[in-house]
There are 2 protein chains.
Amino acid sequence: MVAPSLRARVRAGMIDEIKAVARRHLATDGANLSLRAVARDMGMVSSAIYRYFPSRDDLLTALILDAYEALGDAVEAADAGTDRTDLRGRWHAACRAARAWALAHPAEYALLYGSPVPGYAAPDDTVAPAQRPPVTLVGILRDGVAAGRLDPSGEELPEPLRSDVAELAALLAVEVPPALLARGMSGWTQLFGLISFELFGRINRTLPHRDEYFDHQTGLMADLIGLPAA
Amino acid sequence: MVAPSLRARVRAGMIDEIKAVARRHLATDGANLSLRAVARDMGMVSSAIYRYFPSRDDLLTALILDAYEALGDAVEAADAGTDRTDLRGRWHAACRAARAWALAHPAEYALLYGSPVPGYAAPDDTVAPAQRPPVTLVGILRDGVAAGRLDPSGEELPEPLRSDVAELAALLAVEVPPALLARGMSGWTQLFGLISFELFGRINRTLPHRDEYFDHQTGLMADLIGLPAA
DNA sequence: CGTTCGTCAAGAGCAGTGCTCTCGGTTTTG
DNA sequence: CAAAACCGAGAGCACTGCTCTTGACGAACG
């Protein structure tokens, strides 16, 4: 590993600074990010930005990738920081971490899980980081099955569906019976809905104790999955 | 009711035509709707549109209102078209209707439930139509309680939460015990997540039999709620 | 019936956008 | 040391939402 040239170092610094300024603009102006505005903030001319990002969409893609990684880090860290045998505690910790990150970075969350930008198509690089939160969640189920604390043997999915979900399990690289994975996906789906409603919607305006509501809702899904308490 | 003048009639026709053309553009170009483009399609000049809508946001608001009503109509009709005593059938019918409408009008669904447009704030006129789908869903629970087929008397919510949810029940004008309403909201939240994942996401790319997956997922929530089959 | 008032489409124009290209100047590389 | 790569600035194109003014048309009133 040869030391990077000075030019490469300032280039990396510029890229970081552009992304930081763009993130700041994202927080205030939403998804319609203006290249000219971030260039202005940096005392540059808009065309100079194109030396670092070939287009506005590429800048957005970089921000999206960073956001996916940040969210994945937060969720995985919360899960890893909980007693491995406390399945229900791990579920709650992971869900809370996702919500906390979303509340702290609403614009970036909207970038990840909001309506897709019309002309924009997410490149394939994003699919792996995007799967980290749900993989973490179903990882809790896998550990539960492996430890014998989660036994869905009494349930079997009807056939067109069973093989689909089994394929999904293979894709996510988790060994979980299809019927249980389907319940886990339901929990992940509801978690995404919960956070989105709280961030975008206005029905939660009538629920002052949001933390308690969130914990209760995710607890309901833990019940559905059958996660035992510690 | 006096007959509207000719001028008022052609004006109403123009408004309808503008909305129709805008909806068409919405379907292809997404949320960044161009006033000039719809004006071009109508053989008009962009400034002429402002005779009918004071701004682009007002056009979007009109489209959003129409979309909320259309979705509400679809869900309510599906529920009303099912045997009133078949609670589980009504739940599935309402969920399927919401999904079918969303799949048929993805751009409008994104307008309603996607990330909010940055500078745009939904006016208060939208909150009542927006509540129609969840109200329809919890209406099924209310009927179940009234008919004695749904009995959540064994469950009680802890206190900061119980009064919040009770207030929500009053706001939605449905007489449902808080603990049951919380389960119903969980189902509504998961339904929204299901549809959004299918429309926006790419994880369902790996689930070819989407209808079966959807029915199974909504069935899981019907289980959580305790909806009995017919 | 004729006049006045409200409404309408059109056009010019402003400020802003993403993006391309060219032009000098600097840095790295062979 | 020269060649090649890189960089920032500037001009310019096509596009956007929106405002203002102008001239024409239809409807209501005297």
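Labels below follow one simple rule: chain letters A, B, ... track the order of the sequence lines, proteins then strands, and each chain is numbered from 1. Side-chain atoms are counted along with the backbone in the values below, which use heavy atoms only and exclude waters and symmetry mates.
- Taking atom CZ on Arg56(B) and atom C1' on dT16(D), their separation rounds to 9 Å, with Å as the unit.
- Relative orientation of the Phe192(B) and Tyr113(B) rings is tilted, given thresholds of 30° and 60° on the angle between their planes.
- Side chain of Arg51(B), nearest nucleotide from dT20(C), dC18(D), dT21(D): dT21(D).
- Using a 4.0 Å heavy-atom distance criterion, Phe53(A) is classed as making no nucleic acid contact.
- Computed from coordinates, the His25(B) NE2 to dC15(D) P distance equals 13 Å when rounded to whole Å.
- Here Arg96(A) pairs with Asp215(A) in a salt bridge; the nearest charged N to carboxylate O distance falls below 4.0 Å.
- Residue Asp58(A) contributes atom CG, which lies 11 Å from atom P of dT20(C) at whole-angstrom precision.
- Residue Thr82(A) comes nearest to Ala93(A) through the heavy atom pair OG1-CB, 3.5 Å, listed as atom of the first residue, atom of the second, then distance.
- Following rounding to the nearest Å, Ile49(B) (CD1) and dT7(C) (P) show an atom-to-atom distance of 18 Å.
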- Task: Kindly indicate, with the supporting measurements, whether the criterion side chain to side chain contact (heavy atoms under 4.5 Å, CB included) is fulfilled by Tyr213(B) and Glu198(B).
- Result: CA-CA 11 Å; Tyr213(B) 180 73; Glu198(B) 183 168 357; over 6 Å; no
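- Note: CZ (Arg11(B)) to C1' (dC8(C)) measures 10 Å, nearest angstrom.
- Distance Tyr52(A) OH to dC19(C) P: 18 Å, rounded to the nearest Å.
- In this structure, CG of Leu60(A) is placed 15 Å from P of dT17(C), rounded to the nearest angstrom.
- In this structure, Tyr50(B) atom OH and dT21(D) atom P are separated by 17 Å, rounded to whole Å.
- Only Arg36(A), Gly43(A), Met44(A), Val45(A), Ser47(A), listed by number, bring a heavy atom of residues 34-47 of chain A to less than 4.0 angstrom from any atom of DNA chain D.
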